[in-house]
Amino acid sequence: MTKTNNVYIETYGCQMNVADSELVLGILKNKGFSVTETADNADVILLNTCSIRDNAEQRIHGRLGNLKKIKEKKPSTVIGVLGCMAERLRISLIEEKKMVDLVVGPDEYRRIPEFIDQAFSGEKGIGVKLSRTETYDDIIPYREEGLSAWISVMRGCDKFCTFCVVPFTRGRERSRNFDSIIDEIKILSERGFREVTLLGQNVNSYNDNGRDFADLLAASAAVDRKIRVRFTTSHPQDLSDKLLYTIAENPNLCNYIHLPVQSGSDRILKLMNRTYTIEHYLNLIDKARKIIPGVSFSTDIIAGFPTETYEDHLTTLDVMQKVKYDGAYMFKYSAREGTKAYKMGDDVSEEAKTKRLNEIIDLQQSISFEVNQTLLNTEEVVLVEGNSKKSDEFLAGRTDSNKVVIFPKNEKVKVGDYVKVRINKATSATLFADFLSIEIPYEKDIAKTA
Ligand code: SAH
Ligand code: SF4
Ligand code: F3S
């Protein structure tokens with residue numbers, strides 16, 4: 001009998017990488033590998049990496065340093081680097097880090113079993129070709145039991161924002177087959193999943209033979225009304241009215257839109273090649289709020305893009321005040337070789353970036369606090385996810401708008417239930433609530449609209 005090989009995978013970066021790791025494990029399970037939860041006893045160790053900012057890559061270099069010790073103890077261990085950093089650094093990863101056996105970019109995951117076989121016989125493997133068509137439609141990702149699943153519906157990106165490595169590490173934009181996505185949601189529904197998030201760098205440009213992202217959302221939501229459907233990321237340029245109405249009409253499409261603004265300055269947005277103005281952006285937010293009452297927004301913001309002045313930075317704070325985001329992911333600009341912005345220099349000092357980022361973070365914290373106070377005494381429907389991190393006597397779940405809610409444990413309530421609660425306290429990050437009842441919220445809403 002041949003021995004089963006164990007594979008261990010560690011995932012960095014965005015949710016797209018989380019979904020890709022499940023895909024890679026799906027491919028390897030099909031070839032007879034088993035999955036293990038620790039690096040120590042694995043025959044194959046894979047790091048699925050991120051290149052978005054320099055510190056993301058530094059973390060991986062550090063981790064490879066640790067893994068070197070495992071390799072020294074057990075030289076037969078195969079070590080592989082996958083993902084965006086594999087695509088960006090290619091062969092130099094193997095040249096610089098002798099312990100790395102394989103380097104595989106996002107479009108060559110089907111070849112991983114072949115590379116691992118080669119590595120077992122001492123050969124290095126490298127697969128970094130990008131594809132215009134690969135979407136891995138036919139592969140069932142390996143997923144643990146759970147409530148939430150990430151489903152990648154597009155790959156690549158054609159936007160070429162000047163600061164960003166993604167178009168280089170993930171290649172051209174392409175949409176996955178519509179029916180394969182719906183079939184995957186059906187499988188998740190049968191397994192008792194309660195939430196799916198459709199993923200793409202710019203989901204609004206999804207198109208499969210004329211079926212657009214609004215069509216995909218509507219069909220996804222119709223699979224099982226007990227499944228909440230989320231999506232990310234929307235680019236402000238292509239968020240259509242049809243999409244907004246689709247969200248409004250489907251009770252289990254979450255009223256939450258991640259709409260990265262990046263900067264409040266039109267001059268900087270132009271240099272970033274973001275293709276919208278702040279006026280367009282704010283109009284879009286107003287329109288979405290009219291069409292979808294109570295919709296919440298989150299954003300991404302970059303501090304210290306090349307040539308950004310303190311006045312430019314103040315316009316970013318101003319947009320944050322106007323929109324009042326529910327949440328934000330906030331970053332210092334990191335110059336990435338090969339991008340257009342790299343050639344603009346990196347002229348905002350580290351101190352200025354830190355100061356601006358801190359101002360952005362402080363402002364967002366006070367806005368989140370303020371927004372959350374408006375929810376006091378309101379009723380919310382929460383999908384129960386498990387015990388609260390801080391205490392076993394409390395349960396935690398999330399609202400439709402993606403806010404964490406903590407409430408006292410109750411014998412009737414199980415993980416995966418929808419419950420109605422009343423908010424009694426709110427901080428900038430968390431809502432606290434009293435339990436009211438168990439709900440099957442969306443069925444009622446559908447009876448109403450049918
Ligand atoms: N496709 C998505 C997200 C891509 S990466 C979108 O367009 O919004 C997630 C976020 O990382 C970006 O929105 C941006 O805010 C940030 N980011 C990307 N490149 C960066 C860089 N070079 N330096 C700092 N932040 C960056
Ligand atoms: Fe990067 Fe812009 Fe594409 Fe997002 S839309 S992945 S920021 S190039
Ligand atoms: Fe990072 Fe690649 Fe995602 S660079 S953010 S893992 S697309």
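Indexing begins at 1, ligand by ligand and atom by atom, following the structure's order. Note that the structure is a prediction, hence the values are computed from the model and not measured.
Closest to atom 12 (C) of ligand 1 among all protein heavy atoms lies D300 OD2, 3.4 Å. Closest to atom 6 (S) of ligand 2, if we only count protein heavy atoms, is Q201 OE1, 3.4 Å. The protein atom (non-hydrogen) at minimum distance from atom 22 (N) of ligand 1 is S334 O, 2.8 Å. Scanning the protein for heavy atoms near atom 15 (O) of ligand 1, the closest one is Q262 OE1, 2.7 Å. For atom 17 (N) of ligand 1, the nearest protein heavy atom (residue, atom name, distance) is R53 NH1, 3.4 Å. Nearest protein heavy-atom neighbour of atom 6 (S) of ligand 3: N17 ND2, 3.3 Å. Counting only heavy atoms of the protein, atom 4 (S) of ligand 3 lies nearest to S51 N, 3.3 Å. The shortest contact between atom 2 (C) of ligand 1 and any protein heavy atom is with Q201 OE1, 3.5 Å. With hydrogens left out, the protein atom closest to atom 8 (S) of ligand 2 is C161 N, 3.3 Å, a heavy atom. Here the protein heavy atom with the shortest distance to atom 6 (C) of ligand 1 is T233 CG2, 3.8 Å. Atom 19 (N) of ligand 1 has F163 CD1, 3.3 Å as its closest protein atom, hydrogens excluded (heavy atom only).
Listed by number with element, the atoms of ligand 1 under 4.0 Å from a non-hydrogen atom of R336 are 22 (N). Per-residue contacts place C164 under 4.0 angstrom from the following atoms of ligand 2 (heavy atoms of the residue considered): 1 (Fe), 6 (S), 7 (S), 8 (S). Ligand 2 places these atoms under 4.0 Å from at least one heavy atom of P167: 8 (S). The K332 neighbourhood of ligand 1 comprises atoms 23 (N), 24 (C), with distances under 4.0 Å to a heavy atom of that residue. Close contacts of ligand 3 with R170, meaning ligand atoms under 4.0 Å from a residue heavy atom, involve 2 (Fe), 7 (S). Every atom of ligand 2 is numbered from 1 in the order shown, and the set under 4.0 Å from a heavy atom of R274 is 2 (Fe), 7 (S). Within ligand 2, counting atoms from 1 as listed, the ones closer than 4.0 Å to a heavy atom of C157 are 3 (Fe), 5 (S), 6 (S), 8 (S). In the vicinity of C50, heavy-atom distances shorter than 4.0 Å reach the ligand 3 atoms 1 (Fe), 4 (S), 5 (S), 6 (S). When each atom of ligand 1 is checked for a heavy atom of R274 under 4.0 Å away, the hits are 7 (O). Distances below 4.0 Å separate heavy atoms of C84 from the following atoms of ligand 3: 2 (Fe), 4 (S), 6 (S), 7 (S). Taking a cut-off of under 4.0 Å to the non-hydrogen atoms of V166, the atoms of ligand 2 that pass are 6 (S). Using a 4.0 Å cut-off to heavy atoms of F160, the atoms of ligand 2 that qualify are 8 (S). When each atom of ligand 2 is checked for a heavy atom of K159 under 4.0 Å away, the hits are 3 (Fe), 5 (S). Of all atoms in ligand 1, listed by their number and element, those nearer than 4.0 Å to a heavy atom of P260 are 8 (O). Residue contact check: F331 has heavy atoms under 4.0 Å from atoms 10 (C), 11 (O), 15 (O), 16 (C), 25 (N) of ligand 1.
The closest side-chain heavy-atom distance from T49 to L82 is not below 4.5 Å. Counting heavy atoms from C-beta outward, V7 and T36 have side chains that stay 4.5 Å or more apart.
The cationic group of R176 does not satisfy the cation-pi geometry with Y136, failing either the under 6.0 Å distance to the six-membered ring centre or the 45° limit from the ring axis.
Shown here is F120, whose CZ atom has more than 12 heavy atoms of other residues, nucleotides or ligands within 6.0 Å. By the 6.0 Å contact criterion, CZ on F160 is enclosed, its count of non-hydrogen atoms from other residues, nucleotides or ligands being greater than 12. The neighbour count for R59 CZ, taken as heavy atoms of other residues, nucleotides or ligands under 6.0 Å away, does not exceed 12.
Proximity of R170 to ligand 2 is not established, as no heavy-atom distance is less than 4.0 Å. Heavy-atom distances between Q15 and ligand 3 stay at or above 4.0 Å for every pair. By the 4.0 Å heavy-atom criterion, I52 is counted among the residues contacting ligand 1.
Looking at F163 against ligand 2, only its side chain comes within 4.0 Å, counting heavy atoms. Contacts between Q201 and ligand 3, counted as non-hydrogen atom pairs separated by less than 4.0 Å, involve the side chain only.
Ion pairing between R336 and E57 holds under the 4.0 Å rule for side-chain N and carboxylate O. For R356 and D312, the salt-bridge test fails: no basic side-chain N is under 4.0 Å from an acidic carboxylate O. The residues K287 and D241 are annotated as salt-bridged, a charged nitrogen and a carboxylate oxygen being separated by less than 4.0 angstrom.
Within the 2.8 Å limit, H235 places no N, O or S atom next to atom 2 (Fe) of ligand 2. Here C14 reaches atom 3 (Fe) of ligand 3: one of its N/O/S atoms is less than 2.8 Å from the metal.
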List the steps and the verdict of side chain to side chain contact (heavy atoms under 4.5 Å, CB included) for Y276 and L269. CA-CA 7 Å; Y276 51 84; L269 288 174; 3.8 Å; yes
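A centroid separation of 6.0 Å or more is found between the aromatic rings of Y325 and F297. In this structure, F213 has its ring center closer than 6.0 angstrom to the ring center of F231.
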